[in-house]
Amino acid sequence: VVLGGLFSRGHRFLEPATSRELEARSLVASRRLMTVVPAALGVDAPLLGAAELAFEPLLVDPVAWIGPRSVVPQMASA
């Protein structure tokens, strides 16, 4: 389980209570396989995702952006 956004900042405070609740409410076999971690990108994840979408055409085909552009390249679909 990945805690993102503001929850990633509070992970160290939320972790003890989260672990207690997971122990009480999860199946033993499932709990052994589960970990709760803060998101690596923290609170900036939405901003970084938006920036990646904006730069997607450039990242997909950098050569298309060199020189004069009479036609804007189409975005690749995911």
J.: About how many Å separate CZ of F13 and OG1 of T18, when rounded to the nearest 0.5 Å?
T.: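 T18 OG1 to F13 CZ: 13.0 Å, rounded to 0.5 Å.
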J.: How long is the straight-line distance from CD of E56 back to CG of D61, given to the nearest 0.5 Å?
T.: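 Answer rounded to 0.5 Å: 12.0 Å.
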J.: If every non-hydrogen atom of S8 is compared with every non-hydrogen atom of L3, which pair is closest and at what distance?
T.: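 Taking S8 first and L3 second, the nearest heavy atoms are CB-O, 3.2 Å.
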J.: Rounded at 0.5 Å granularity, tell me how far CG in L48 sits from CG in L53.
T.: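 The CG atom of L48 sits 11.5 Å away from the CG atom of L53.
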J.: With no hydrogens and no angle check, is any side-chain donor or acceptor of H11 less than 3.5 Å from a backbone partner on V36?
T.: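 Flag set: sc H11 to bb V36 pair under 3.5 Å.
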J.: Report all side-chain donor-acceptor pairs from residues 20-29 shorter than 3.5 Å, counting only partners two or more places apart or in another chain.
T.:
| from | atom 1 | to | atom 2 | distance (Å) |
| --- | --- | --- | --- | --- |
| E21 | OE1 | R25 | NE | 2.6 |
| E21 | OE1 | R25 | NH2 | 3.4 |
| E23 | OE2 | R31 | NE | 3.2 |
| S26 | OG | L22 | O | 2.8 |

J.: Would one find more than 12 heavy atoms of other residues, nucleotides or ligands at under 6.0 Å from atom CG of L59?
T.: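 Result for CG/L59: enclosed.
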